[in-house]
**Student:** 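Starting off with a structure, shown below.
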Amino acid sequence: LVLLLLHTVRLGGGTGAVRVWCRVAAVVLVTAAVAAGHIDSRPAALDSLHRQVSDTVQALRYGDNRDAGLTDGDLTAAGQRQQLEQPMLTVTLSQPGSYYLRGFVGEAYDGSRWLPPEGQTLAENADAFYWLHSDGFYGQTQLAAAAQAAAPDTLTGENRISVTNTGASARYLYAPYETLPGSDGTDAEAIGDAALYARGLRGQRTYTLTAANNLVIHYQRIAAGLTAGTAESAAFLSDEAAYNRYVYENDTALPDSLRSYLTEKLGSYVVEDGQRHFDYQKAKQNILFYLTTYAAYSESVAAVPEGVDFVLSFLDGAQAGYDVHYASAAAMMFRYYGIPARYVEGFLITRDEAAALSPGESLTLDGTHGHAWVEYYQDGVGWLPFEVTPSYFSVMEQAETYRDISGLVGRVPQDSDAENLDGDTGEEDDQPSLLSFWLKYRLKLLLLLSVLAVIVLLGLFISWLVMQRRKTARRKAGFLSDDIPRAIRSIYLYMMDVLLAQGLPLRNCPPADYAADMDEDLRQEYLAAAALWEEAKFSGHPMEEQQRRRILALKDEVWARAWRRAGPLQRLHLKYVLFL
């Protein structure tokens, strides 16, 4: 514009008044351009005006999420919460499931706003993102890519998610963490991997994404699989290492005032050898403990004035707020522990809503589905949502089956006169109570008890099998008893049990009538055996060894034929169910 005005003045076109105003405009623009090159920051008033103009233009282009109670990162707008039952998104799932649909993602925190990374930061990392995207690596699809490389059994199907944006900001494609590589929406030319930004002057109102089913709850299995050393995991981790460096350089920044405050309240901590940050699980426990103990959930709060640190006001001032406050504070706490974290706004498809959906059925998400949460970076696996707002603890499926929030863990011991969050300075901190011991080890204890129960039940079952087989052995030993009539009766009854196991119908009839159900070549022998059984049962006189051998031979033939005709399962049934 400066060059154009100078060109106009040089040519001398137009009236004298026009030339005068062009000269004035040229001088103003040249002065502004020169001044902008020599100052590090704009005056506060000019910066505020720039933000207002930018926000207005953005709202005109895409709309906003105010009906969902979301601020698009502007924390000064986080006053009394208002969520309207106005339709925001209509989502159709080919496979119903619960999802965090990520929209706005804030990486840089300036005390009153969450912002995308600065242009200079993105410019410095343009080459890294060019090569990552060339390899198909995107932060928005990292979780699914990690699962494909290290734990493909967690990918239980492809879910087509069709979204119609009816009232939400069209600047974003609201996508789940499980978005699959190659899905629509990823932009190879983009620098940075936060939100999925929609294309077009007015954004996008309809789009379709492909995603895996709930992978967030399987992140520990995926992380373990990445250590297996396979070719797939090695190739994935090679790209992840470059992205990992960017994340730790840009998503762990913490203002000095907050670092000082959190050091006082959370205490210093020990980082294990070979690690860059505090233990993930201990950090989560401490964050949950502090936020649930020293803050109260409330939607009736006053807005924090610009110039006052939003997180510090929440933690050390009002100590009351809703998801915007909790998520912002948790992001700073993760960063205090050296763990990269970001602030996220979007919409939820809850566990109960997913359970009530049929495949292909549409679900309307109104303003009450708007939510803000924190996401943290799990090395290798990628960005994961973590719920810290008390009223949402049971709404979504969570990876952790329990939360030990009985106190702060992993802190470096402090002097007895230092301020203690728990209010205790005795030795009880070093001696876990029975409750905390149970909360910490209950999974291991339950697993141990389950294994012991299985061992006991297996032992009882084996003992029962041995006892039944011994009874069968004693029964067969009776076939050779010195009491021949008794032996003949036992042999006949055993043979009938074998025939019944083969499907012989049990009828109220004389034994001879069963001859018609026998194999044709065995009918005469069976009639003779039935006669011998009647003689042994009712005559009362001695019988000969030859008679026993005859019925015993028939029994052996019946058993041999039954065994040959039986399949593997039927043989198990004969031996270990009927005990024949």
Side-chain angles (χ1 to χ4, degrees), residues 95-98 143 146-157 178 212-230 233 279-282 284-285 288 351-352 354-355 378 380-381 384 386-387 393-407 409-410 431-477 497-498 500-501 562-563 566-580:
Q95 297 182 29
S98 62
L143 178 59
Q148 290 177 341
D153 57 320
T154 60
L155 299 170
T156 57
E178 294 84 353
N213 289 324
N214 200 338
L215 291 178
V216 171
I217 62 175
H218 300 302
Y219 83 87
Q220 292 169 323
R221 287 176 56 194
I222 298 172
L226 289 173
T227 64
T230 63
S233 61
D279 178 77
Y280 284 115
Q281 297 302 324
K282 292 178 180 178
K284 293 178 188 178
Q285 290 173 215
L288 285 169
R351 177 176 52 191
D352 292 341
Q378 177 86 24
V381 174
L384 297 171
F386 183 63
E387 197 55 70
F393 281 167
S394 60
V395 170
M396 303 294 289
E397 293 179 275
Q398 301 295 331
E400 286 77 18
T401 56
Y402 72 97
R403 290 185 174 92
D404 180 2
I405 54 174
S406 57
V409 296
Q431 299 178 358
S433 65
L434 183 61
L435 177 60
S436 63
F437 179 82
W438 164 251
L439 291 174
K440 184 175 182 180
Y441 296 106
R442 64 177 180 180
L443 290 181
K444 294 181 180 179
L445 291 174
L446 290 174
L447 179 61
L448 177 61
L449 292 175
S450 300
V451 171
L452 291 176
V454 170
I455 292 174
V456 170
L457 291 174
L458 184 61
L460 292 174
F461 178 68
I462 293 174
S463 299
W464 178 74
L465 284 179
V466 171
M467 182 178 66
Q468 294 297 326
R469 294 303 302 169
R470 286 180 178 176
K471 288 174 63 177
T472 301
R474 289 195 296 271
R475 182 182 184 185
K476 292 181 177 181
D497 286 341
V498 175
L500 291 172
W563 189 257
L569 293 178
Q570 292 172 314
R571 290 183 178 184
L572 288 174
H573 187 261
L574 289 171
K575 279 281 190 181
Y576 299 106
V577 177
L578 300 177
F579 296 100
L580 296 176

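Only this structure's heavy atoms are used, side chains among them; waters, hydrogens and symmetry mates stay out.
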**Student:** Kindly check if the number of other-residue, nucleotide or ligand heavy atoms within 6.0 Å of NZ (K471) is above 12?
**Tutor:** no
**Student:** Give the intermediate values and the outcome of side chain to side chain contact (heavy atoms under 4.5 Å, CB included) for residues L580 and R475.
**Tutor:** CA-CA 9 Å; L580 296 176; R475 182 182 184 185; 4.2 Å; yes
**Student:** Which heavy atom of S233 sits nearest a heavy atom of G225, and at what distance?
**Tutor:**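 Nearest pair, atom of S233 first, then G225: CB-O, 4.4 Å.
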**Student:** I need the minimum non-hydrogen distance between Y219 and V381, along with the two atoms involved.
**Tutor:**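 Looks like O-CG2, 3.8 Å.
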**Student:** Using a 6.0 Å cut-off, check whether atom CZ of R470 has over 12 heavy atoms from anything other than its own residue.
**Tutor:**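 At most 12 heavy atoms, drawn from other residues, nucleotides or ligands, come within 6.0 Å of this atom.
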**Student:** About how many Å separate CD of E387 and CD of Q398, when rounded to the nearest 0.5 Å?
**Tutor:**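 That separation rounds to 6.0 Å.
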**Student:** L458 and side-chain contact (heavy atoms from CB on, under 4.5 Å): which partner among I462, V456, L460?
**Tutor:**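 Only one of I462, V456, L460 forms a side-chain contact (heavy atoms from CB on, under 4.5 Å) with L458, namely I462.
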**Student:** For the CG atom of D153 and the CZ atom of R221, what is their distance to the nearest 0.5 Å?
**Tutor:**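 Between atom CG of D153 and atom CZ of R221 there are 4.5 Å.
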**Student:** Restricting to salt bridge (Lys or Arg N to Asp or Glu O under 4.0 Å), what partner residues turn up for D352, sequence neighbours left out?
**Tutor:**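 Scan of D352 (salt bridge (Lys or Arg N to Asp or Glu O under 4.0 Å), adjacent residues dropped) gives none.
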**Student:** Measuring from Y576:OH to L465:CG, what's the distance to the nearest 0.5 Å?
**Tutor:**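 Output value for this atom pair is 8.0 Å.
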**Student:** Enter the distance from N214:CG to E178:CD here, rounded to the nearest 0.5 Å.
**Tutor:**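 It comes to 5.0 Å.
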**Student:** Testing the basics here: between G380 and A146, what is the closest heavy-atom pair and its distance to 0.1 Å?
**Tutor:**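 Closest approach of G380 to A146: O-CB, 4.2 Å.
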**Student:** Using a 3.5 Å distance criterion without hydrogens, assess whether the side chain of R469 forms a donor-acceptor pair with backbone atoms of F579.
**Tutor:**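 Side chain of R469 to backbone of F579: no pair is present.
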**Student:** Given side chains that start at C-beta, do those of L572 and V577 come closer than 4.5 Å, heavy atoms only?
**Tutor:**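 Answer no - side chains too far apart.
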**Student:** Does the side chain of D497 reach to within under 4.5 Å of the side chain of L578, using non-hydrogen atoms?
**Tutor:** no
**Student:** For the pair Q570 (side chain) and G567 (backbone), establish whether a donor and an acceptor sit closer than 3.5 Å, ignoring hydrogens and angles.
**Tutor:** yes
**Student:** What are the two closest heavy atoms between T154 and A151, and how far apart are they?
**Tutor:** OG1-O, 2.7 Å
**Student:** Atom OH in Y280, atom CZ in F386: separation rounded to 0.5 Å?
**Tutor:**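 Rounded to the nearest 0.5 Å, the OH-CZ separation comes out at 13.0 Å.
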**Student:** Which atom names give the shortest non-hydrogen contact between G97 and A354, and what distance separates them?
**Tutor:**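 Smallest interatomic distance, heavy atoms only, reads C-CB, 3.4 Å.
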**Student:** Please round to the nearest 0.5 Å and tell me the distance separating atom CG of L155 and atom CD1 of I222.
**Tutor:** 7.5 Å
